[in-house]
Amino acid sequence: MKITPVFKNPDQHTIPIWLIEDVEIPNSVTQALNEPNSWSPYSKIFKDEEYAKGHNDRLLHRNSKFLSDKLNNAYGLDKSIIKHLSKQKDYNYNATWPWEGVEPYLDKIGISYGMVKDGVNYRQLPHVDNFFVFGTVLLNLKDNHPDSGRVYYDYRDWILKGKATRVYKGPYKKGTGLLHINTPCNLHEGWNEGDFDRYVAFGNICLI
């Protein structure tokens, strides 16, 4: 697995994003995606009705916990990502998380993934994650449509001009993905404008 920073010369307004490549997706995970009766509406897990509306075209695999364990255990995926976050020098966490010692917290946590299927009409609104979440991992479980993925926007243009200026679009090929740190500048959305379903695994990294 290879993890490389998206922005080479970051400043305090840069979104901390890494491109993930060469992840081996276990056959058991790939095969499970084709189980037609194993998907439930993702929106049902939310109590907030307004938030749930933004996920009406997303389904969650009922065996996500089992498949997440398969994904992590096969190649030590979660441990490799946490190790990277503990050792990386690409971005300064203290620009957003202003206490010392983030790394010791990282060493004590794992990452559990939800396996989701986004329909052809799925689209979030541009948003910033809440600060219960330190970071997020997103992995493509199949070759998804080029007109799908995750997009990041210039936060200043959004606030000051009401303009959605794209600064980065994530990959869509199987075994690729993204790792990002949650910051006030991390304005992003997931979407699928292709003509077939998008299959991804995503996991939130929480320090508590």
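Nothing fancy with the numbering, it's 1 onward along the sequence. What you see below is based on every heavy atom in this structure, not just the backbone, and it leaves out hydrogens, waters and symmetry mates.
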Self-check item: Heavy-atom side-chain contact between His127 and Gln124 under 4.5 Å
Solution: yes

Quiz item: For the ring pair (Phe, Tyr, Trp, His ring centres under 6.0 Å) test, which of Phe196, Tyr122, Tyr199 pairs with His145?
Solution: Phe196

Practice problem: Check which hydrophobic residues are tied to Phe132 through side-chain heavy-atom contacts below 4.5 Å, counting indirect links as well, and list them. | Solution: none

Practice problem: Flag the pair Asn144 / Val200 as yes when at least one side-chain heavy-atom distance between them is below 4.5 Å, and no otherwise. | Solution: yes

Quiz item: Any idea which heavy atoms bring Pro184 and Thr96 closest together, and the distance?
Solution: CD-CG2, 3.7 Å

Quiz item: Looking at NZ of Lys169 and CG of Leu178, how far apart are the two atoms once the value is rounded to the nearest 0.5 Å?
Solution: 9.5 Å

Quiz item: Who are the salt bridge (Lys or Arg N to Asp or Glu O under 4.0 Å) partners of Glu189, not counting sequence neighbours?
Solution: Arg123

Quiz item: Do Leu77 and Phe66 share a hydrophobic cluster, counting only Ile, Leu, Val, Met, Phe, Trp and Tyr and linking them when any side-chain heavy atoms are less than 4.5 Å apart?
Solution: yes

Quiz prompt | Phe134: partners by ring-ring contact (aromatic ring centres under 6.0 Å, His included), with sequence neighbours left out | solution = Tyr93, Trp97

Quiz item: Tell me, which pairs form a salt bridge (charged side-chain N to carboxylate O under 4.0 Å, His left out) where one or both residues lie in residues 59-85, sequence neighbours left out?
Solution: Lys65-Asp69

Exercise. Test side-chain hydrogen bond (donor to acceptor under 3.5 Å, both in side chains) on Thr165 and Asp154 and set out the steps.
Key: CA-CA 5 Å; Thr165 303; Asp154 186 305; 6.0 Å; no

Self-check item: Distance, nearest 0.5 Å, that separates CD1 of Ile20 from CG of Leu138
Solution: 8.5 Å

Quiz item: What's the shortest heavy-atom distance between Asn130 and Asn182, and which atoms?
Solution: O-ND2, 2.8 Å

Quiz prompt | hydrophobic_cluster_shared for Phe131 and Ile205, side chain cutoff 4.5 Å | solution = yes

Quiz item: Is there a donor-acceptor contact under 3.5 Å from the side chain of Asp157 to the main chain of Lys163?
Solution: no

Practice problem: Calculate, to the nearest 0.5 Å, the distance between atoms CG and CG belonging to Leu141 and Leu33 respectively. | Solution: 5.5 Å

Quiz prompt | All pairs passing salt bridge (charged side-chain N to carboxylate O under 4.0 Å, His left out) where residues 108-121 contributes a residue, at least two apart | solution = Arg58-Asp118, Asp118-Arg198

Exercise. Name all residues meeting the side chain to side chain contact (heavy atoms under 4.5 Å, CB included) criterion together with Asn186; count only those two or more places apart in sequence or in a different chain, and write none if there are none.
Key: Ile15, Tyr152, His180, Thr183, His188

Quiz prompt | Ser64: partners by side chain to side chain contact (heavy atoms under 4.5 Å, CB included), with sequence neighbours left out | solution = Leu60, His61, Met115

Self-check item: Derivation and outcome, side-chain contact (heavy atoms from CB on, under 4.5 Å), residues Ile111 and Ile82
Solution: CA-CA 8 Å; Ile111 307 172; Ile82 293 301; 4.1 Å; yes

Quiz item: Taking ILVMFWY side chains as joined if any heavy atoms are under 4.5 angstrom apart, and letting links pass through other members, which residues group with Val151?
Solution: Val128, Tyr153, Tyr155, Trp158, Ile159, Leu160, Leu187, Trp191

Quiz item: Can you check whether Ile81 reaches Trp18 side chain to side chain, under 4.5 Å on heavy atoms?
Solution: no

Self-check item: Shared hydrophobic cluster for Tyr172 and Tyr168 (ILVMFWY, side-chain gaps under 4.5 Å)
Solution: no

Quiz item: Considering all heavy atoms of both residues, which atom of Gly177 and which atom of Leu19 are nearest to each other, and what is their separation?
Solution: O-CD1, 3.6 Å

Quiz prompt | For Asp90, salt bridge (Lys or Arg N to Asp or Glu O under 4.0 Å) partners two or more places apart | solution = none

Self-check item: salt bridge (Lys or Arg N to Asp or Glu O under 4.0 Å) partners for Lys173, two or more places apart
Solution: none

Quiz prompt | Considering all heavy atoms, the nearest Asn140-Pro171 contact | solution = ND2-O, 3.1 Å

Quiz prompt | Rounded distance (nearest 0.5 Å) linking atom CD1 of Ile181 with atom OG1 of Thr136 | solution = 8.5 Å

Practice problem: List the steps, then state whether side-chain contact (heavy atoms from CB on, under 4.5 Å) holds for Tyr91 with Thr14. | Solution: CA-CA 9 Å; Tyr91 303 101; Thr14 300; 4.1 Å; yes

Self-check item: Rounded distance (nearest 0.5 Å) linking atom NZ of Lys174 with atom CG of Asp143
Solution: 7.5 Å

Practice problem: Grab the two heavy atoms, one from Ala201 and one from Leu71, that are nearest each other, plus how far apart they are. | Solution: CB-CD2, 4.2 Å

Exercise. Mind checking ring-ring contact (aromatic ring centres under 6.0 Å, His included) for Tyr113 and listing every partner two or more places apart, or none if nothing turns up?
Key: none

Exercise. Can you tell me which residue pairs pass the salt bridge (charged side-chain N to carboxylate O under 4.0 Å, His left out) test with a partner in residues 13-40, sequence neighbours excluded?
Key: Lys2-Glu21

Practice problem: Find out if a path of hydrophobic residues (ILVMFWY) with successive side-chain heavy-atom gaps under 4.5 Å connects Val120 to Tyr42. | Solution: no

Self-check item: Gap between atom CD1 of Ile25 and atom CG of Leu139 - 0.5 Å precision
Solution: 6.0 Å

